[in-house]
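Residue numbers begin at 1 in each chain, while the letters A, B, ... track the order of the sequences. Bear in mind that the values here come from a model prediction, so they are computed numbers and not experimental data.
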Protein chains: 2
Amino acid sequence: MSTQSPLSQAREGNTVDEMLEQVADEIIRGDIAPGTKLDARVMAERFAVSRTPVREMFAHLAAMGLVVRRPNRGVTVAEISDENLMAMYEAMAELEAACARLCALRMTLKERQSLQRLHQSALHHVRDGTTDDYEAYNLEFHSRLYAGAHSPCLRDMALTTRSRLQPFRHAQFRLPQRPSHSWEEHDAIVGAILAGDAEAAARATRAHVLQVSHGSRDYLESNRGNDRPRGAHTHHDGDGGCDA
Amino acid sequence: MSTQSPLSQAREGNTVDEMLEQVADEIIRGDIAPGTKLDARVMAERFAVSRTPVREMFAHLAAMGLVVRRPNRGVTVAEISDENLMAMYEAMAELEAACARLCALRMTLKERQSLQRLHQSALHHVRDGTTDDYEAYNLEFHSRLYAGAHSPCLRDMALTTRSRLQPFRHAQFRLPQRPSHSWEEHDAIVGAILAGDAEAAARATRAHVLQVSHGSRDYLESNRGNDRPRGAHTHHDGDGGCDA
DNA sequence: GGCCCGCGAAGTGTATGCACTTTTCCAAGT
DNA sequence: ACTTGGAAAAGTGCATACACTTCGCGGGCC
């Protein structure tokens, strides 16, 4: 969108990346529900390009794990089985635990102070109870963990995995007492990091993420009966399905 | 390859994937050196296809991190700076440590026995000194760690990261006493896993991988002066470069 | 003699067309 | 009436064609 370029062909650095960012965001935000089929032609029309760059975007989305491409049957936004969801959360837990461990060892003084400030200032979100606000804080908190590890590769893996999990985490904090529990778990993590206790930070983070995963699973299960009765999670999928 | 289909168009499930597997393998095996430019046209001729599927393959390779695509300037097989190499090894260490931790907790009896057998039977490779044999054992050993964690997502991440590291590990075991040291480090890992000591397994694995990373770095540095004097690692690359 | 500008060739990115596969729907048979 | 075969339509995948960008080179200008 934005600058309506008068020319017609050859740029790529803009075309595909812009589409990719936009569509990926829509999937991650949940605007496009898992299981939806993405038609290459309507995508092409929507962005006023031909099907070729759309196909390339699909390839990127598939590589990110946000969509699934089956040989001659088009692409659908990824739909994760319960087992896979738990497996991904488990990987996420290990990833974040590793980050937290490194945070405890390597965060700069500024980063530690900033983390603590962020964490403390979020306390009123817990009381006021604005779910969206807490979710924003939560996102930022975890991002700080990824960054504080000072390991770009780990950070990227964590961000990627989080992106793939994001479509399945919506309304995660709707459960009444979840924000307060979450904040307390964060508190343990912050404490361990500030104290420089690497193993404790790892343990606390792992526990926290696994706790979140249980929330996600319960939330999904409670919705299985109402929202989509025709078993949307039945594709077996063979391998783990989280190559990324 | 295999069945030389007489037809001409529309199959994808074979065409791109076969090319991808083959080229990725060549990059991983080091047949194509890092920094080499891959010409889309000659690729197309080589596989007797048009440039379209070749481009798709390039997209996949880029997503795997094996090649770098610059806007209008073609693709080159990935060349990793020293800092990025170390960062990737660090991530690898955390990934493998997490796997080892889970191995200690969840490996079946059969897996434990099989791991120990593999490890013990490799002892003679250390003495006989066939580097290739030891490397094969080493690959298998680590693969068992990934699998034994029973976490498909972690396994895939580990395999992906290993693929990206592989081109830079060649002749890693050429250093005289490396196999013997490596075997002893493996021994510590196996011991911890068999004993069910999760944290010890994680520590031992992390230490082992970091040890390997130092070997890789030293090997690269010792070759920097001779093999490629015109500084092949100077691209700054901005972000971490291991989005996976 | 050295630097800069413009032109040409090589190569990348996108559009379009065509071949094949899958799916759907309708008709004929049981 | 239900199932089953097949044909048409929809949609994916590849090839080819074309537009634009980048890099290299030679001639003109300082």
Side-chain angles (χ1 to χ4, degrees), chain A residues 1-23 32 35-63 66-79 230 232 234-235, chain B residues 1-23 32 35-63 66-78 230 234-235:
Chain A
M1 56 174 89
S2 61
T3 68
Q4 181 153 355
S5 52
L7 44 79
S8 54
Q9 283 168 358
R11 46 232 140 89
E12 165 75 1
N14 292 341
T15 309
V16 170
D17 279 354
E18 271 186 28
M19 286 166 46
L20 180 64
E21 190 174 348
Q22 191 162 340
V23 175
I32 309 177
T36 308
K37 181 169 183 179
L38 297 181
D39 189 316
R41 192 159 309 178
V42 12
M43 273 291 178
E45 282 182 19
R46 172 180 165 190
F47 288 99
V49 295
S50 87
R51 284 169 34 238
T52 308
V54 171
R55 280 181 56 74
E56 186 143 345
M57 176 188 68
F58 282 170
H60 274 102
L61 287 172
L66 291 177
V67 303
V68 176
R69 272 181 114 172
R70 297 230 272 317
N72 270 310
R73 292 148 75 182
V75 318
T76 57
V77 357
E79 203 160 7
R230 70 269 189 262
T234 47
H235 78 267
Chain B
M1 54 181 85
S2 61
T3 69
Q4 181 151 0
S5 52
L7 46 78
S8 52
Q9 283 168 356
R11 49 236 141 103
E12 166 75 0
N14 292 339
T15 309
V16 169
D17 279 354
E18 273 187 25
M19 286 165 49
L20 180 64
E21 190 174 348
Q22 191 162 340
V23 175
I32 310 177
T36 308
K37 180 170 184 180
L38 297 182
D39 189 317
R41 190 159 310 180
V42 12
M43 272 291 177
E45 284 182 18
R46 172 180 164 190
F47 289 98
V49 294
S50 89
R51 282 173 38 238
T52 308
V54 171
R55 281 181 57 74
E56 187 144 344
M57 176 188 67
F58 282 170
H60 275 99
L61 288 172
L66 290 176
V67 303
V68 176
R69 272 181 112 171
R70 296 231 272 317
N72 271 309
R73 290 148 71 175
V75 318
T76 57
V77 358
R230 71 271 191 259
T234 47
H235 79 265

> Does the side chain to side chain contact (heavy atoms under 4.5 Å, CB included) test come out yes or no for A:Val67 and A:Leu38, once each step is laid out?
Replying inline: CA-CA 9 Å; A:Val67 303; A:Leu38 297 181; 4.1 Å; yes
> Between atom CE in A:Met57 and atom C1' in C:dT14, what is the gap in whole Å?
Replying inline: 15 Å
> Counting only distance, no hydrogens or angles, is the base of C:dG13 paired donor-acceptor with the side chain of B:Arg51 under 3.5 Å?
Replying inline: yes
> For the pair made of NZ in A:Lys37 and C1' in C:dT22, what is the distance, rounded to whole Å?
Replying inline: 9 Å
> Would a 4.5 Å heavy-atom cut-off, applied to side chains only, mark B:Thr52 and A:Arg55 as touching?
Replying inline: no
> Taking atom P of D:dA15 as reference, at what distance in whole Å does atom CZ of B:Phe47 sit?
Replying inline: 13 Å
> Quick one: does B:Met19's side chain get under 4.5 Å of B:Met43's, heavy atoms only?
Replying inline: no
> From C:dT22, D:dC14, C:dG11, pick the nucleotide closest to the side chain of B:Thr15?
Replying inline: D:dC14
>> Need to verify one output field. Residue with the more 5' nearest nucleotide on DNA chain D, A:Thr52 or A:Gly74?
In response: A:Gly74
>> How many whole angstroms separate atom CE of A:Met19 from atom C1' of C:dT14?
In response: 11 Å
> Taking only N and O in the side chain of A:Arg73, is any of them less than 4.0 Å away from OP1 or OP2 of C:dT23?
Replying inline: yes
> Taking only N and O in the side chain of A:Ser50, is any of them less than 4.0 Å away from OP1 or OP2 of C:dA15?
Replying inline: yes
> Separation of A:Arg55 atom CZ from C:dT16 atom C1', in whole Å?
Replying inline: 14 Å
> So do B:Val77 and B:Leu66 actually touch side chain to side chain, heavy atoms under 4.5 Å?
Replying inline: no
>> Rounded to whole Å, how long is the line connecting atom CZ of B:Arg41 with atom P of D:dT16?
In response: 12 Å
> When the distance from CG of A:Asn72 to P of D:dA10 is rounded to whole Å, what number comes out?
Replying inline: 18 Å
>> In this structure, how many angstroms lie between the C1' atom of C:dT12 and the CE atom of B:Met43, rounded?
In response: 16 Å
